[in-house]
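Written below as structure tokens is the structure these notes are about.
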Amino acid sequence: MIGSPSWWRGRSLQVRITVLATTITLACLLGLATVAANQLEPLLVESVDHELTAALGPASASVAAGGPLRAADPVSVRVLDISGAPVDGQPRPPLGADAIAQLKAGVAVQTDGDRWRGQVVSAPDGSQRLVVAGAELVGFAAAVHAGGLWLVVVALVGAVVAGLATWLVVRLALRPVARMRGLVRSLPPRSRLPLPSSHDELRALAEEFNALLARQEEVSSRLRRFTGDAAHELRSPVASIRVQAEVAVTNPDPELAQETLTDILTEAERLSALLDGLLSLARSDAGEVPPAEPVDLVTEVRAAVHRLPAGAPDTRVSAAVAQAWGLATHSEVELVLDNLLRNACRYATGQIVVSVLASRSDVRVVVDDDGPGIAPEHRAKVFDRFYRVADDRARASGGTGLGLAMVAEAVRRRGGRVRVGESPDGGARFEVTWRADRAGAPG
């Protein structure tokens, strides 16, 4: 259906702009034509009154001086007495008593087909005379009607011309867009659109499209790298489990089978941790971020230290305040603290110190260990996925290269930051900063 919104949305931009421009132009021109047609009759009447006044002035002056009347074609000039009777020897004009009274008062009078104006003057003998000037309004109504029709025709023609002009202008204006569309369709991989020389909307559109292509290529590159790294990491524990299972099957010794099953369980736990990390990162990449809530980081730090396994290095908690509320979720804080403490336990030689520092704008958790530390050239990469400073040692300790990456991702999506440096004890220092909850504790 032509008037339906779906039909309108299905039309091209050129058609919609042309239809709108034509409709608006037609409405404006028809409005102007209506106003002009309504003013046409008063304009013609005013023109006739101007001619009558021009003829009436000299005639009145001549009558007042006792001179003869002069012809003023096409205006007819007559001399009447006060009652309206002619005194110029001509037939009585078609003017009634009411018309005579209005003419004596200086008001114009319109009868059937005639327009009259009058003026009272004194003749040389002292008698009062009414000098009237009249003109025929032949074809007056037809002229007004024809003028109105011509104004409507001009409005229609003007709207058509405006529509054609709009069609051509929009077509010319959209030609660069059509060329850009063709370039996009044939754009080779890893290429960019050429920027127009003019600094206009098309150049801005091309720049934004090139930026979109760059982001898309970056995401695709990260996805390919992530997929390859994940496949590589998954292949190792799966292959280890398969080999150890084959050993257990081919060797009926119960003691060896029990030892092999223990190794299989260890690799299965490592595989499970790896899959959990991959799932967490995939959810983060998909934008699944639960709403933040106030979390007491002092309580969470003490709980995380309490969860450390037996045999872990001595861990001490240093908090300058009793409570420090940060904006996150309990699961995110647990993930960050558990991974940082496990990483510290893996490399610390005797002691770990966890400090909680609070200010008006943020809350910081600092984890220091006395291990070998992290060399400066590795500090910018330890939060990358599957990156290991010492690959063999990380594998021996069960590391997957995803723990610190999950820490960085969990903190980043809450508007915080995480960084690594050197501990005062000579080991590594990890510092995590969350935005503080200025409203304080819930409730």
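Because only heavy atoms are used, hydrogens play no part in the values below, and waters and symmetry mates are left out as well, while side chains stay in.
- Looking at Leu404 and Leu340, their side chains come closer than 4.5 Å, going by heavy atoms from C-beta outward.
- In this structure, the side chain of Thr349 engages the main chain of Asp370 through a donor-acceptor pair within 3.5 Å.
- For Ser191 (side chain) and Leu187 (main-chain N/O), no donor-acceptor pair under 3.5 Å exists by modelled atom type.
- Within 6.0 Å of CG in Asp98 there are 12 or fewer heavy atoms belonging to other residues, nucleotides or ligands.
- With hydrogens and angles disregarded, no donor-acceptor distance shorter than 3.5 Å links the side chain of Asp437 to the backbone of Trp325.
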Evaluation steps, side chain to side chain contact (heavy atoms under 4.5 Å, CB included), between Asn210 and Leu195: CA-CA 9 Å; Asn210 288 339; Leu195 297 179; 3.8 Å; yes
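- Judged purely by atom type and a 3.5 angstrom limit, Thr315 uses its side chain to pair as donor or acceptor with the backbone of Pro313.
- Atom CZ of Arg307 has more than 12 neighbouring heavy atoms from other residues, nucleotides or ligands inside a 6.0 Å radius.
- In terms of heavy-atom proximity, Arg192 sits nearest to Ala214 at NH2-CA, 3.5 Å.
- No more than 12 heavy-atom neighbours from other residues, nucleotides or ligands sit within 6.0 angstrom of CZ on Arg316.
- In this structure a side-chain-to-backbone donor-acceptor pair under 3.5 Å is present from Arg435 to Arg414.
- No more than 12 heavy atoms of other residues, nucleotides or ligands lie within 6.0 Å of CD in Glu201, so this atom counts as exposed by the packing criterion.
- Listed for the Gln14 side chain is a donor-acceptor partner under 3.5 Å among the backbone atoms of Trp167.
- Using a cut-off of 4.0 Å between Lys/Arg side-chain N and Asp/Glu carboxylate O, Arg115 and Glu51 are scored as not salt-bridged.
- Using a 4.5 Å cut-off on side-chain heavy atoms (C-beta onward), Val336 and Trp434 make contact.
- Within the model, atoms CH2 of Trp116 and CD1 of Ile100 stand 9.0 Å from one another, a figure rounded to the nearest 0.5 Å.
- Using a 4.0 Å cut-off between charged side-chain N and carboxylate O, Arg413 and Glu409 make no salt bridge.
- Each of Asp369, Val367, Ile352, Asp368 was compared with Ser423 under the side chain to side chain contact (heavy atoms under 4.5 Å, CB included) criterion, and only Asp368 meets it.
- For Asp296 (side chain) and Ala324 (main-chain N/O), a donor-acceptor pair under 3.5 Å exists by modelled atom type.
- The two residues Leu183 and Pro194 make their nearest non-hydrogen contact at CD1-CG, 3.9 Å.
- Note that CZ of Arg181 is 6.0 Å distant from CZ of Arg185, once rounded to the nearest 0.5 Å.
- Side-chain contact check for Val154 versus Leu29: every heavy-atom pair is 4.5 Å or farther apart.
- Taking all atoms of both residues into account, the shortest heavy-atom contact from Thr25 to Ala162 is CG2-CB, 3.7 Å.
- Between Thr166 and Thr22 the shortest side-chain heavy-atom distance does not fall below 4.5 Å.
- Using a 4.5 Å cut-off on side-chain heavy atoms (C-beta onward), Arg342 and Cys345 make no contact.
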Derivation of the side chain to side chain contact (heavy atoms under 4.5 Å, CB included) call for His50 and Glu46: CA-CA 6 Å; His50 180 73; Glu46 183 179 357; 5.8 Å; no
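- Side chains of Ser355 and Arg364 form no contact here, defined as non-hydrogen atoms less than 4.5 Å apart.
- Side-chain contact between Val152 and Leu30 is present, with heavy atoms from C-beta onward closer than 4.5 Å.
- For Arg379 (side chain) and Ile374 (main-chain N/O), a donor-acceptor pair under 3.5 Å exists by modelled atom type.
- Under the 3.5 Å distance criterion, the side-chain polar atoms of Asn339 are matched with a main-chain donor or acceptor of Leu335.
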Steps toward side chain to side chain contact (heavy atoms under 4.5 Å, CB included) verdict (Val298, Gln323): CA-CA 6 Å; Val298 175; Gln323 292 179 320; 5.5 Å; no
